[in-house]
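Here is the structure we will look at.
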Amino acid sequence: MPQEDKTATVRDERYDPQRVESKWFERWQADASLYAAEPASTKPKYYVLEMLPYPSGALHMGHVRNYSIGDALARYMWMNGYNVLHPMGWDSFGLPAENAAIANNTPPREWTLRNIANMKAQMKRLGFAYDWSREVTTCLPDYYRWNQWFFLKIYERGLAYRKKSKVNWCPKCATVLANEQVAGGYCWRHEDTLVEQRDLEQWFLRITNYAEELLRDLDKLEDWPDKVRTMQRNWIGRSEGTLVDFDLGGTVGPAGSTITVFTTRVDTIYGATSVQLAPEHPLVADFTASNAELRDKVEQLKAEQRKAKESGDIGEIEKHGVFTGRYAKNPYNGEALPIWVANYIVMDYGTGAIMSVPAHDERDYEFARKYKLPIKVVLVPSSSDPEETVAEPQLPFTTYEGVVVNSGEFNGLDCDDAIRKMSEHAEKKGFGRATVTYRLKDWGISRQRYWGTPIPMLYCEKDGIVPVPEKDLPVILPENVDITLTGGSPLGRVPEFVNAKCPKCGGPARRETDTMDTFVDSSWYFYRYADANNDRAPFDSKVVGYWFPIDQYIGGVEHAILHLIYSRFWTKFMRDMGMVENDEPVERLFTQGMIIKDGAKMSKSLGNVVTPDEMVERYGADSARMYTLFATSPDSELDWQDSGVEGVSRFLARAYRFVTQRPIAGVTAPYSPNDLTPQARGILRKLHQTIKKITDDFSGRWHFNTSVAALMEFLNQCVAADEIFAAHGDNCAPKPFVGDVQRKFVLLLAPFAPYLANELWEMLGEKENLLRAPWPKYDPELAKEEEIEIPVQVNGKLRGRITVPADADDGSVRERALADEKVKATIAGKQVVKVIIVPGRLVSLVVR
RNA sequence: GCCCGGGUGGCGAAACUGGCAGACGCACGGGACUUAAAAUCCCGAGUUCCGAAAGGAACGUAUCGGUUCGAUUCCGAUCCCGGGCACCA
């Protein structure tokens with residue numbers, strides 16, 4: 001029989017991943033529709049998404065890990081009958097392309113597209129099942145034109161505005177630097193040049209309009225990691241407090257001028273002994289106008305603060321301050337408080353001005369001690385004993401568990417009441433009001449860079465700021481721009497780009513030369529996947545309505561804040577525009593751990609990098625992928641060990657042999673488990689336990705490391721039953737049984753090692769695409785153990801083991817336990833006080 | 001300083017709801033096959049102690065304490081590692 005001959009030839013062949021993988025690679029290359037999502041389907045939809053990479057040149061192992069998780073899930077969902085959307089794209093604008101262009105004299109576009117081609121080839125070689133017909137490349141006009149379109153919509157709705165704002169400026173480069181290009185306050189290219197802060201006109205998006213909703217809706221994201229939700233909550237930084245106006249008494253500015261301070265502890269305001277201003281506070285300039293000495297001191301404070309901020313330790317700045325010689329009136333008690341300028345007060349939180357209450361604030365206490373300012377107690381610990389005289393609290397006393405004293409009409413209130421009543425009082429009298437502040441700032445999107453989306457705005461001498469009309473989009477990013485020159489936005493040096501006509505008056509106008517932050521690109525790219533080739537709109541709302549929200553998003557935790565907040569913001573504003581119906585883009589989020597090796601994060605500078613290419617070459621894609629899943633659970637840090645890849649590779653070779661030594665092709669007749677030998681029944685039982693285990697892992701905790709371990713256990717048991725699976729094993733187990741075991745094993749392997757699984761699937765005579773083959777179902781009856789071993793504890797210590805039928809009742813288990821020789825010896829001469837039986841798990845005896 | 005994770009054999013790890021700690025893999029030791037090696041297959045193994053052996057005992061999940069018949073798991077305190085935020089008023 002020809003069939004037998006074929007079996008004989010494969011049997012001696014060793015598992016050669018290169019041969020197997022190149023064969024399937026070629027086939028998959030030829031079939032573009034293989035992983036295509038169906039536009040309309042009666043199947044339930046499933047949108048699985050992995051964070052798109054920046055095309056830096058080559059994939060690293062972190063990518064392989066990320067994408068192996070998503071790919072396993074996508075394949076599993078396909079096999080479970082879902083219409084799966086599993087796309088990929090390129091976050092391809094950004095600074096490295098410009099740096100590379102300068103270093104290699106290659107235009108950013110060319111450099112980027114070359115990298116994309118290389119990384120796409122790597123992804124294909126790794127066997128990731130992406131629908132490439134939906135590929136999104138953010139640096140191409142058919143994508144970024146929609147960034148521009150969105151910008152116009154945002155501007156129309158008043159959510160984009162222009163404001164002066166501080167940027168990093170290197171005087172030697174004569175250009176703006178991104179934060180990442182500033183190291184310890186110095187320029188990255190000129191290590192001896194201090195970076196300055198300059199005021200530049202920049203475009204901002206009003207994300208703060210959504211601060212409250214972004215915060216509130218975090219509660220809805222139950223399938224996001226708590227860690228990410230907490231990080232976002234902190235980032236938004238909602239804080240309730242009170243604004244209070246301190247009258248300047250006409251000493252400066254027009255009569256009636258005030259300083260507004262923000263405080264969360266208005267209950268302590270009677271204890272304020274000074275007012276502290278940030279060095280950047282606008283009033284400071286007025287105070288120093290006629291006092292050169294004071295001005296110098298303030299400049300010094302400013303410099304100290306800037307330096308501390310840049311080097312990231314504003315938290316440890318040594319507190320300095322200077323008295324301005326002016327006073328402000330505390331509206332609650334009329335006290336005149338000295339106004340100071342201090343280096344630890346920052347302008348970009350609250351109002352840049354605080355009231356200083358040394359007795360009840362750590363920082364104010366420290367400052368007051370240093371400069372010998374008065375310390376006034378207005379809060380004492382609430383005592384359970386009303387007779388007890390008011391204790392002098394240990395200073396500074398900063399908790400909310402206190403009672404207000406020395407505070408006029410508010411004496412005796414506890415903190416929460418005092419805060420409420422004193423805010424109301426201020427409001428009634430007109431010198432203050434309760435307020436909410438956020439740490440979240442509006443999103444500055446202007447970048448003085450070349451390689452980004454041009455902001456579609458014009459400046460006309462007559463008409464001022466004029467948006468580019470929608471019909472003129474896209475504003476194409478010009479090529480052949482010299483970006484090696486220094487001095488502001490590179491686009492500003494391209495006259496053909498800058499010089500334009502005002503769409504209103506037809507007169508000369510100047511184009512905006514800044515480009516957009518690349519986080520704009522990644523804020524909505526996943527909507528584009530749903531309708532990637534639409535040339536009339538960013539996407540069709542109906543199509544997006546079908547696919548959204550994203551069922552599962554997978555990526556690194558490093559994007560927990562910026563990318564994921566901007567994305568949520570973008571979704572909310574698109575919803576308000578009527579473009580989408582979902583409030584949130586992502587239903588479930590998974591953040592995988594990073595990869596370390598030899599105790600440190602894998603990085604080129606540390607020289608501990610393992611590349612996907614070398615892994616694929618040495619072990620094949622299946623082994624490399626499966627190892628990233630096997631080494632540890634996906635959410636943990638992965639400690640890379642080359643020998644671990646070897647282990648997985650050995651397992652795959654065993655799996656190959658397991659099927660090829662006796663491939664039962666095309667035999668699918670039913671068989672009765674009752675006709676099997678005990679050993680074969682054991683295998684069948686283990687098979688169904690393994691199906692359950694892996695199915696549970698996919699629907700639950702995603703501990704794919706234990707899924708792979710379960711496959712290994714199963715295979716080990718099969719290998720031990722050699723006579724069943726060896727050639728000519730017919731008299732040990734019937735063919736239908738062997739074929740059934742082999743097919744199900746291959747199906748279980750498919751999400752983790754797609755190349756090998758497809759090869760074995762074909763070898764078993766299957767013609768149908770493995771992705772469309774149904775995921776095996778486990779049968780609880782077949783998975784059930786007949787006999788189980790139960791430990792017996794005496795006074796909490798393990799003293800014996802008994803073997804009982806799986807369905808034994810408590811009475812017989814108890815009898816067995818007490819009859820066990822070792823147990824009997826231990827409890828001899830003692831009285832059994834209590835017997836605890838946990839069905840199927842253990843017996844615990846308490847004796848005296 | 002505050003908020004999250006985490007600490008288990010020689011190594012990577014597992015243990016889902018409080019129920020046999022160390023599954024699975026690596027490395028290691030022994031054996032089979034081989035002229036030999038590689039590959040493969042089988043067996044062993046937490047530590048310490050007792051025993052010639054079969055076998056047995058004690059200890060053991062960062063440290064100390066608590067709850068419980070029983071704790072890697074729950075509670076309290078401490079130490080260490082990683083991440084996030086940080087004079088945020």
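Residue numbers start from 1 in every chain, and the chains themselves are labelled A, B, ... in the order their sequence lines are given, proteins ahead of strands. Values below: every heavy atom of this structure, side chains too, minus hydrogens, waters and symmetry copies.
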Give a yes/no answer on whether the side chain of [X] brings an N or O atom under 4.0 Å of OP1 or OP2 in [N].
{"X": "A:Arg848", "N": "B:C69", "result": "no"}
{"X": "A:Arg701", "N": "B:A15", "result": "yes"}
{"X": "A:Thr437", "N": "B:C88", "result": "no"}
{"X": "A:Asn234", "N": "B:C88", "result": "no"}
{"X": "A:Arg233", "N": "B:C85", "result": "no"}
{"X": "A:Ser643", "N": "B:G12", "result": "no"}
{"X": "A:His703", "N": "B:A13", "result": "no"}

Indicate, with a heavy-atom threshold strictly under 4.0 Å, whether [X] touches base, sugar-phosphate, or nothing.
{"X": "A:Asp639", "answer": "sugar-phosphate"}
{"X": "A:Arg799", "answer": "sugar-phosphate"}
{"X": "A:Glu637", "answer": "sugar-phosphate"}
{"X": "A:Ser356", "answer": "nothing"}
{"X": "A:Phe651", "answer": "nothing"}
{"X": "A:Lys441", "answer": "nothing"}
{"X": "A:Ile345", "answer": "base"}

[atom1] ([X]) with more than 12 external heavy atoms under 6.0 Å:
{"X": "A:Arg229", "atom1": "CZ", "value": "yes"}
{"X": "A:Glu558", "atom1": "CD", "value": "yes"}
{"X": "A:Arg369", "atom1": "CZ", "value": "no"}
{"X": "A:Lys370", "atom1": "NZ", "value": "yes"}

Who pairs with [N] - Watson-Crick or G-U, where each distance is under 3.5 Å:
{"N": "B:A21", "result": "none"}
{"N": "B:U40", "result": "B:A32"}
{"N": "B:C79", "result": "B:G7"}
{"N": "B:A53", "result": "none"}
{"N": "B:G1", "result": "B:C85"}
{"N": "B:A58", "result": "B:U47"}

Could you state the atom-to-atom distance from [atom1] of [X] to [atom2] of [N] in whole Å?
{"X": "A:Met602", "N": "B:G12", "atom1": "CE", "atom2": "C1'", "result": "13 Å"}
{"X": "A:Lys597", "N": "B:G82", "atom1": "NZ", "atom2": "P", "result": "20 Å"}
{"X": "A:Asp226", "N": "B:C85", "atom1": "CG", "atom2": "C1'", "result": "17 Å"}
{"X": "A:Arg650", "N": "B:C41", "atom1": "CZ", "atom2": "C1'", "result": "13 Å"}
{"X": "A:Ile596", "N": "B:G5", "atom1": "CD1", "atom2": "P", "result": "20 Å"}
{"X": "A:Gln276", "N": "B:C88", "atom1": "CD", "atom2": "C1'", "result": "15 Å"}
{"X": "A:Ile354", "N": "B:A89", "atom1": "CD1", "atom2": "C1'", "result": "5 Å"}
{"X": "A:Met61", "N": "B:G12", "atom1": "CE", "atom2": "C1'", "result": "16 Å"}

Of all the nucleotides listed ([options]), which has the minimum atom distance to the side chain of [X]?
{"X": "A:Met231", "options": "B:A89, B:C11, B:G84", "answer": "B:G84"}
{"X": "A:Arg841", "options": "B:G19, B:A89, B:C26", "answer": "B:G19"}
{"X": "A:Thr264", "options": "B:C20, B:C85, B:A89", "answer": "B:A89"}
{"X": "A:Val719", "options": "B:A58, B:A13, B:C42", "answer": "B:C42"}
{"X": "A:Lys797", "options": "B:A89, B:C59, B:G19", "answer": "B:C59"}
{"X": "A:Arg439", "options": "B:A15, B:G82, B:C88", "answer": "B:C88"}
{"X": "A:Asn705", "options": "B:A23, B:A13, B:C69", "answer": "B:A13"}
{"X": "A:Thr706", "options": "B:C88, B:A14, B:G12", "answer": "B:A14"}
{"X": "A:Lys693", "options": "B:C85, B:C16, B:C3", "answer": "B:C16"}
{"X": "A:Gln793", "options": "B:C24, B:C4, B:G19", "answer": "B:G19"}

Can you tell me, in whole Å, how much space there is between the [atom1] of [N] and that of [M]?
{"N": "B:C26", "M": "B:G18", "atom1": "P", "value": "33 Å"}
{"N": "B:A58", "M": "B:A71", "atom1": "P", "value": "15 Å"}
{"N": "B:C69", "M": "B:C49", "atom1": "P", "value": "35 Å"}
{"N": "B:U47", "M": "B:G29", "atom1": "P", "value": "15 Å"}
{"N": "B:C16", "M": "B:C88", "atom1": "C1'", "value": "41 Å"}
{"N": "B:C4", "M": "B:G12", "atom1": "C1'", "value": "25 Å"}
{"N": "B:A53", "M": "B:U68", "atom1": "C1'", "value": "40 Å"}
{"N": "B:A14", "M": "B:U8", "atom1": "C1'", "value": "10 Å"}

Subject >> Residue met sooner reading RNA chain B from 5', once A:Ala720 and A:Ala710 are mapped to nucleotides >> reply: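 Looking at the nearest nucleotide for each, A:Ala710 comes out on the 5' side.
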Original post:
A:Val648 or A:Leu638: which one's nearest nucleotide on RNA chain B is closer to the 5' end?
Top reply: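 Nearest nucleotide further toward 5': that of A:Leu638.
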Original post:
Does a side-chain N-to-carboxylate-O contact under 4.0 Å join A:Lys692 and A:Asp696?
Top reply: yes
Subject >> Under 3.5 Å donor-acceptor pair, A:Ser844 side-chain atoms to B:C69 base atoms >> reply: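 Looking at the base of B:C69, it does pair with a donor or acceptor on the side chain of A:Ser844 (distance under 3.5 Å).
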**OP:** Assign the ring pair A:Trp340 / A:Phe323 to parallel, tilted or perpendicular, where the plane angle (0 to 90°) is split at 30° and 60°.
**Re:**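 The rings of A:Trp340 and A:Phe323 sit tilted, inter-plane angle from 30° to 60°.
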Original post:
Is it the case that A:Arg650 places NZ or CZ above or below the six-membered ring of A:Tyr619, under 6.0 angstrom from the centre and within 45 degrees of the axis?
Top reply: no
Original post:
What form does the base of B:G9 take, syn (within 90° of 0) or anti?
Top reply: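 Classified syn.
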Original post:
Do A:Phe590 and A:Trp224 make the cut of ring centroids closer than 6.0 angstrom?
Top reply: no
**OP:** Taking the six-membered ring for Trp and the single ring otherwise, decide whether the centroids of A:Phe752 and A:Phe630 are under 6.0 Å apart.
**Re:** no
Subject >> Main-chain N/O of A:Ile345 paired with A:Gln305 side-chain donor or acceptor, under 3.5 Å >> reply: yes
